[in-house]
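Notes follow the structure.
Each residue takes its place number in the sequence, starting with 1.
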Amino acid sequence: MKTQLFLSILSLGLLTYCIPNQQTGEDNPSPTTPAVTGLKQLAPFPMGAAVNVSLLKNRPAYEQTVATEYNSLTGENAMKFGSLHPSQTTYTWSDADYLVTYAQQHNARVHGHTLVWYKSLPSWVTNFQGDSAAWENLMKTHIQTVVAHFKGKVASWDVVNEAFEDNGTLRNSVWRQHLGPDFIARAFQYAHEADPAALLFYNDYGHEWGPTKRTAILNLVNGLKNRGIPIHGIGLQMHTNINRADTNLATAISTAGQTGLKVHIAELDIALNPDKKAGLTFTPELAAAQKAKYKAIVQAFKALPAAQRFGITTWNVGDADTWIRGFCSCSDWPLPFDDNYQRKPAYDGIVEALQ
């Protein structure tokens with residue numbers, strides 16, 4: 001009798017466990033499987049990453065981290081001039097279209113990077129021969145073809161990227177040489193014409209260094225705004241390091257907010273080896289310093305008015321994917337995830353700032 005009673009109870013338990021969820025029609029998940037909470041669930045503003053499309057397609061751990069953690073995606077390279085427009089009459093959309101489709105499938109927005117930059121230009125542009133009208137048509141056609149292609153799919157654009165030298169003077173790029181200094185304003189106008197609903201950003205690095213370059217950038221964006229040029233936001237790249245003072249970082253963010261525009265920390269990473277020391281190893285001390293710096297940046301951003309917090313985007317996902325290692329030919333670990341996409345103390349610093 002006891003055996004029969006035990007089997008009856010066991011059968012009832014198994015039946016209850018396997019009954020489909022009445023709302024989803026799926027089996028109830030095992031109570032021992034925890035729900036994975038990512039940054040996108042914790043933040044009151046979008047959390048993003050600049051992604052490598054090839055890694056997104058071919059590295060499962062990379063893709064899973066992106067899907068779990070982020071609700072804003074930027075193409076690391078997929079939407080740059082040279083990638084999209086390799087010859088004068090040819091546009092290659094495949095990688096950028098893949099990114100947009102992936103974002104739609106995962107309820108993430110897409111931030112476009114970048115329409116006008118002095119780098120990543122194909123040879124047909126750097127070797128282009130023509131008068132100012134021909135150059136104007138070149139720039140306008142590229143901007144409007146790209147923005148129109150993604151109209152309604154890409155929420156925002158870095159229209160002009162890195163127009164200033166480190167000393168605050170306007171960079172003598174091919175665009176300035178052939179179109180004059182006000183090419184920046186016209187680029188914004190052309191982008192707005194192609195997609196009036198898209199939010200348009202000026203993006204640059206060095207805001208946190210000090211007042212010299214920052215003032216030049218702020219004067220530019222305030223001038224555009226005051227002229228009625230359609231500019232909606234300012235991007236702070238924030239490629240920084242653990243030696244940068246928290247006060248500098250906070251000032252960069254707060255002064256950007258004083259423009260009244262939306263603020264995007266657009267390319268965040270925090271280098272641990274800014275002096276390019278050979279043989280440096282990742283220590284608990286370095287990890288703690290990086291955690292504190294990430295926390296300080298997120299806290300400063302969180303202090304902005306909610307309507308101005310466009311979001312925070314890290315420049316790629318894990319340490320294995322960072323541009324910094326190739327740039328410095330040295331060891332570094334600048335991102336919130338390690339080479340295997342495991343969360344680092346830096347990740348905890350972001351979470352603590354969001355709480």
Side-chain angles (χ1 to χ4, degrees), residues 49-52 54-55 59 62 65 74 76-77 80 82 113-114 117-121 158 161-169 171 173 203-214 216-217 235-253 265-298 300 312-350:
V51 297
N52 178 309
S54 178
L55 294 179
R59 188 175 292 173
Y62 184 98
T65 304
T74 301
E76 183 185 30
N77 294 304
K80 290 175 180 175
H113 177 84
T114 172
W117 189 27
Y118 75 100
K119 289 184 177 179
S120 291
L121 296 175
D158 289 330
N161 192 53
E162 299 178 2
F164 288 98
E165 299 281 6
D166 295 353
N167 63 7
T169 61
R171 192 183 301 278
S173 66
N203 189 58
D204 215 327
Y205 65 89
H207 295 258
E208 71 277 17
W209 295 353
T212 302
K213 186 173 184 179
R214 180 171 66 238
I217 294 168
L236 286 67
Q237 291 187 12
M238 207 64 79
H239 294 295
T240 192
N241 63 73
I242 56 169
N243 296 333
R244 190 69 61 190
D246 288 356
T247 52
N248 285 43
L249 299 167
T251 299
I253 294 166
I265 297 183
E267 305 183 21
L268 176 62
D269 45 39
I270 301 177
L272 297 180
N273 192 10
D275 298 325
K276 305 179 184 179
K277 296 177 182 176
L280 187 71
T281 58
F282 186 65
T283 64
E285 292 75 20
L286 287 175
Q290 187 181 57
K291 174 184 175 179
K293 202 64 62 177
Y294 266 103
K295 184 174 181 178
I297 290 171
V298 176
I312 296 176
T313 297
T314 60
W315 203 247
N316 227 310
V317 179
D319 288 335
D321 319 311
T322 179
W323 67 282
I324 292 176
R325 290 181 181 178
F327 182 77
C328 72
S329 298
C330 64
S331 298
D332 215 320
W333 309 266
L335 288 162
F337 297 90
D338 68 16
D339 287 49
N340 298 311
Y341 307 103
Q342 298 301 304
R343 295 167 174 177
K344 292 163 51 186
Y347 183 97
D348 300 331
I350 297 172

What's the separation between atom [atom1] in [X] and atom [atom2] in [Y], rounded to the nearest 0.5 Å?
| X | Y | atom1 | atom2 | value |
| --- | --- | --- | --- | --- |
| W333 | R325 | CH2 | CZ | 7.5 Å |
| D338 | R343 | CG | CZ | 12.0 Å |
| D269 | D321 | CG | CG | 12.0 Å |
| D332 | F282 | CG | CZ | 10.0 Å |
| L280 | N273 | CG | CG | 4.5 Å |

Beyond-backbone contact of [X] with [Y], side-chain heavy atoms, under 4.5 angstrom:
| X | Y | value |
| --- | --- | --- |
| W117 | E162 | yes |
| F164 | T212 | no |
| I350 | P336 | yes |
| T314 | F337 | no |
| I253 | M238 | yes |
| I270 | I297 | yes |

Practice task
Kindly write out the residues that satisfy side-chain contact (heavy atoms from CB on, under 4.5 Å) with N167, not counting sequence neighbours, or none if the list is empty.
Solution key: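 By the side-chain contact (heavy atoms from CB on, under 4.5 Å) rule, N167 matches E165, T169.
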Handout entry: Shortest non-hydrogen separation from Q290 to A346 and the atoms involved
Key = OE1-CB, 3.6 Å
Problem - Residue list, salt bridge (Lys or Arg N to Asp or Glu O under 4.0 Å) with D319, at least two apart or on another chain - result: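 Partners of D319 under the salt bridge (Lys or Arg N to Asp or Glu O under 4.0 Å) test: K344.
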Exercise for the section: Just do the side-chain hydrogen bond (donor to acceptor under 3.5 Å, both in side chains) check on N316 and Y62 with the steps written out, would you? Expected result: CA-CA 10 Å; N316 227 310; Y62 184 98; 2.7 Å; yes
Exercise for the section: May I have the step-by-step check of side-chain contact (heavy atoms from CB on, under 4.5 Å) for N248 and T240, ending in yes or no? Expected result: CA-CA 11 Å; N248 285 43; T240 192; over 6 Å; no
Exercise for the section: Show the numbers, then the answer: is there a side-chain hydrogen bond (donor to acceptor under 3.5 Å, both in side chains) between N203 and N161? Expected result: CA-CA 5 Å; N203 189 58; N161 192 53; 2.7 Å; yes
Problem - NZ/NE/NH1/NH2 to OD/OE distance under 4.0 Å, D246 and K293 - result: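 Between K293 and D246 there is a salt bridge, with a charged N closer than 4.0 Å to a carboxylate O.
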Problem - D204/R171 salt bridge by N-O under 4.0 Å criterion - result: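 Looking at D204 together with R171, the answer is no, because their closest N to O distance does not fall below 4.0 Å.
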Practice task
Check ring-ring contact (aromatic ring centres under 6.0 Å, His included) between H207 and all other residues, then give those that pass, not counting sequence neighbours.
Solution key: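 Scan of H207 (ring-ring contact (aromatic ring centres under 6.0 Å, His included), adjacent residues dropped) gives none.
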Problem - Residue of the set W323, F327, Y205 for which ring-ring contact (aromatic ring centres under 6.0 Å, His included) holds with H239 - result: W323
Exercise for the section: Would you mind telling me which of I312, L335, D348, I242 makes a side chain to side chain contact (heavy atoms under 4.5 Å, CB included) with Y294? Expected result: L335
Problem - Passing option when W315 is tested against I324, T322, V51, T74 for side chain to side chain contact (heavy atoms under 4.5 Å, CB included) - result: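 Output: one option passes, namely T74.
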